[in-house]
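Contents: one structure, followed by commentary.
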Amino acid sequence: MRKMDSIKSRYSNEILDKIFRYFMRTVLHLQNSGIENLPLENDFEEPLKSFLDIAVDLIIDGQPPEISRLILDAEYDAKISDAAASVKTAMNLQLIKALSWHIHYDEDSYKYLLSTVNLWGNEISEYAARTFYPNLPEEIMERYQIHDLIKYMPKDAFRLEDY
């Protein structure tokens, strides 16, 4: 019987990290200035680029969840059926769909994003520690024990403006 690879080594990839970073930046912009500065620059390749544009447009437009679900599901199905998509592409599209959904509709827009840590690569973990975590509201830092994650980082290592 073959030993199962860890979830992170099996599914994590640099594009997932880029998607996580995009949505961490989106959360910080939403918390600091609302939808005013959205959408953020999107330099992903297709099919991710157009799917991400649609997902963020749904957040900006304030569409109700029933409409957003229909649109995101239809767009996802169309993107996947266009070509024999790899698991990596399907995973990237699913992550965009899930993050945009949870950030827009969950009462606690941080919970889902923070629960995905097992898929984060080294680059996004570093970004979270240096930029995302220290910019979170105090209430969120306490709720998710973020202080414990950043307390040993030197203050000069933070990049608080990097969003």
For atom CG of Asp61, decide whether the heavy atoms of other residues, nucleotides or ligands shown that lie under 6.0 angstrom number more than 12. yes
Tell me whether Val56 is reachable from Ile103 by hopping between hydrophobic residues (I, L, V, M, F, W, Y) whose side-chain heavy atoms are closer than 4.5 Å. yes
Please, which pairs that meet side chain to side chain donor-acceptor pair (under 3.5 Å) have at least one residue in residues 90-100, sequence neighbours excluded? Asp73-Lys97, Tyr76-Gln94
For the pair Phe132 and Arg25, evaluate side-chain contact (heavy atoms from CB on, under 4.5 Å) and give the outcome as yes or no after the intermediate values. CA-CA 8 Å; Phe132 185 65; Arg25 292 178 63 230; over 6 Å; no
Side chain of Arg130, backbone of Arg159: donor and acceptor closer than 3.5 Å? no
Are Tyr11 and Lys88 side-chain neighbours, meaning at least one heavy-atom pair lies under 4.5 Å? no
Using side-chain heavy atoms (C-beta onward) and a distance below 4.5 Å, is Trp101 in contact with Arg69? yes
Where does the angle between the aromatic ring planes of His29 and Tyr163 fall among parallel (under 30°), tilted (30 to 60°) and perpendicular (over 60°)? perpendicular
Gap separating the CG atom of Leu99 from the OH atom of Tyr112, nearest 0.5 angstrom: 6.0 Å
Please give me the minimum heavy-atom distance between Ile150 and Pro134, naming the atom from each residue. CD1-CA, 4.2 Å
Is the backbone N or O of Ser109 less than 3.5 Å from a side-chain atom of Asp106, with the two atoms forming a donor-acceptor pair by type? no
Can Ile71 be reached from Ile59 by stepping across I, L, V, M, F, W or Y side chains whose heavy atoms are under 4.5 Å apart? no
So salt bridge (charged side-chain N to carboxylate O under 4.0 Å, His left out) across residues 35-56, not counting sequence neighbours, yields Lys18-Asp43
Please determine whether the number of non-hydrogen atoms from other residues, nucleotides or ligands lying under 6.0 Å from atom NZ of Lys8 exceeds 12. yes
As an exercise, state the distance from CD1 of Ile124 to OG1 of Thr131, rounded to the nearest 0.5 Å. 9.0 Å
Checking the side chain of Ser81 only, and the main-chain atoms of Ala78 only, is there a donor and an acceptor separated by less than 3.5 Å? yes
Rounded to the nearest 0.5 angstrom, the CG-CD distance for Leu114 and Gln145 is 11.0 Å
Against Phe20, only a single residue in Val117, Leu113, Ile15 fulfils side chain to side chain contact (heavy atoms under 4.5 Å, CB included); can you say which? Leu113
How long is the straight-line distance from CE of Met91 back to CD1 of Ile19, given to the nearest 0.5 Å? 9.5 Å
Taking atom types as modelled and ignoring hydrogens, do the side chains of Lys79 and Ser50 form a donor-acceptor contact shorter than 3.5 angstrom? yes
Using atom types as modelled and distance alone, determine if a side-chain donor or acceptor of Thr116 lies under 3.5 Å from a backbone N or O of Leu119. no
Donor-acceptor side-chain pairing of Tyr105 and Ser68 below 3.5 angstrom: yes
All heavy atoms of Trp120 vs all of Ala128, minimum pair found to be CZ3-CB, 3.6 Å
Distance from Phe44 atom CZ to Leu52 atom CG, nearest 0.5 Å? 6.0 Å
Counting C-beta onward and ignoring hydrogens, is there a side-chain heavy-atom pair between Phe23 and Leu28 closer than 4.5 Å? no
When rounded to the nearest 0.5 angstrom, what is the spacing between CD1 in Ile60 and CG in Leu38? 5.0 Å
How far apart are the C-alpha atoms of Leu58 and His104, what are their side-chain angles, what is the distance that settles it, and do they pass the side-chain contact (heavy atoms from CB on, under 4.5 Å) test? CA-CA 9 Å; Leu58 291 169; His104 186 85; over 6 Å; no
Quick check: does any side chain N or O of Ser9 sit under 3.5 Å from a backbone N or O of Ser6, one acting as donor and the other as acceptor? yes
CA sep, side-chain torsions, deciding dist, call: Tyr110, Arg143, side-chain contact (heavy atoms from CB on, under 4.5 Å): CA-CA 10 Å; Tyr110 305 92; Arg143 182 180 305 153; 5.7 Å; no
side-chain contact (heavy atoms from CB on, under 4.5 Å) between Leu72 and Phe51, worked out: CA-CA 8 Å; Leu72 289 173; Phe51 192 68; 4.1 Å; yes
Can you check whether Leu40's main-chain N or O pairs, donor with acceptor, with Tyr22's side chain at less than 3.5 Å? yes
Using side-chain heavy atoms (C-beta onward) and a distance below 4.5 Å, is Ile140 in contact with Asp108? yes
Which heavy atom of Leu93 sits nearest a heavy atom of Ile80, and at what distance? CD1-CD1, 3.7 Å
